Amino acid sequence: MKNNWIHHPVILKGNEVELIPLESAHLDSLFLAASNKEIWELTSVDYSVKEIFYPNFNSALNERENGSVYPFVIIHKSSNTIIGTTRLLEICPNDKKIEIGVTWIMKEFWGTTVNLESKLLLLDYCFKTLEANRVQFRAKDNNLRSRRAIEKIGGVFEGILRKDKIEPNGVPRNTAFYSILNNEWEKAKESIEEQIAVKV
């Protein structure tokens, strides 16, 4: 993989979940996890559609080879089941900044510790191992579920880029941007750990 910042393979282990690099062998199980249409009600892309899912995730595998993204699958440890995915992107080693995105989990795990622990693992990797200065997140401005999830992990709202992207249906969308900086991470980490402790 052409990336001197992220050393493949990256495996991140928590109490409830394990994040492992996406591979072709995972795609069918991940597609099954994406089958619930409710996951996609507020998003730009519906990955329950086979013709959308497979090209996107095959492309992510190719893009990992050139160092532009790093996709993971989220494994629920107790059942050893793939329950979702997340991705490192906008990988900029020279500026020490990176983005966490394309994150989704099965509806059965909404409101549990899964997303909190996944973000905790990724953020700790970004700030401790990669020594990033900035980790950013983005969401459609009207996707309040995603925006609340970002705010719960300490994401600081930076503003909305108007008509930032064009949706697959051709309609322009506004994008809300958030970030956590390296000097903010310890406080955010404590908050995430407290939220996980309450839920366990």
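As the structure is a computational prediction, the values presented were derived from the model and not from experiment.
- For His8 and Tyr70, the ring centers sit closer than 6.0 Å to each other.
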Practice prompt. Applying side-chain hydrogen bond (donor to acceptor under 3.5 Å, both in side chains), run through Ser44 and Arg173 and close with a yes or a no.
Written response: CA-CA 9 Å; Ser44 300; Arg173 79 166 225 191; 2.8 Å; yes
Worksheet item: Would Glu99 and Arg138 count as a salt bridge (Lys or Arg N to Asp or Glu O under 4.0 Å) if you check the C-alpha gap in whole Å, the side-chain angles of each, and the deciding distance to 0.1 Å?
Response: CA-CA 8 Å; Glu99 181 174 322; Arg138 52 182 154 167; 2.6 Å; yes
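- Remark: Trp110 pairs with no residue by the ring pair (Phe, Tyr, Trp, His ring centres under 6.0 Å) rule, at least two apart or across chains.
- One finds a salt bridge joining Asp124 and Lys189 here, because a Lys/Arg side-chain nitrogen approaches an Asp/Glu carboxylate oxygen to under 4.0 Å.
- Two residues are said to be in side-chain contact when any heavy atoms from C-beta on lie closer than 4.5 Å; Ile83 and Val114 meet this criterion.
- The ring-ring contact (aromatic ring centres under 6.0 Å, His included) contacts involving residues 113-147 comprise Phe127-Trp185, where partners must be two or more places apart or lie in separate chains.
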Side-chain donor-acceptor pairs of residues 11-19 under 3.5 Å, sequence neighbours excluded:
from	atom 1	to	atom 2	distance (Å)
Glu16	OE1	Thr113	OG1	2.1

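- Contact record, Val135 with Cys126: CG2-CB, 3.7 Å, taken as the closest heavy-atom pair.
- Ring centroid separation for the pair Phe57 and Phe31 does not come in under the 6.0 Å cut-off.
- Between Lys152 and Ser191, the shortest heavy-atom distance links the atoms O-OG, 4.4 Å.
- Linking Ile, Leu, Val, Met, Phe, Trp and Tyr residues whenever their side-chain heavy atoms come within less than 4.5 Å leaves Val156 and Ile192 in two separate clusters.
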Discussion item. Quick one, Asp46 with Lys37, criterion salt bridge (Lys or Arg N to Asp or Glu O under 4.0 Å). Give me CA distance, side-chain angles, the key distance, then yes/no.
Written reply: CA-CA 8 Å; Asp46 182 351; Lys37 289 284 188 181; 2.8 Å; yes
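- Every residue meeting the side chain to side chain contact (heavy atoms under 4.5 Å, CB included) condition with Leu144, not counting sequence neighbours, appears here in chain and number order: Arg148.
- Heavy-atom neighbours of Asn169 CG from other residues, nucleotides or ligands within 6.0 Å: above the threshold of 12.
- Looking at residues two or more places apart in sequence or on another chain, you find a ring pair (Phe, Tyr, Trp, His ring centres under 6.0 Å) between Phe109 and His76.
- Between Asn142 and Leu42, the closest side-chain pair of non-hydrogen atoms is not below 4.5 Å.
- Take Ile166 and apply the side chain to side chain contact (heavy atoms under 4.5 Å, CB included) test, not counting sequence neighbours, and it matches no residue.
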Worksheet item: What's the verdict on side-chain hydrogen bond (donor to acceptor under 3.5 Å, both in side chains) for Tyr178 and Glu151, showing C-alpha distance, side-chain angles and the deciding distance?
Response: CA-CA 8 Å; Tyr178 293 80; Glu151 289 162 2; 2.7 Å; yes
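- Checked for salt-bridge contact, Arg134 and Glu158 meet the test: a charged N lies under 4.0 Å from a carboxylate O.
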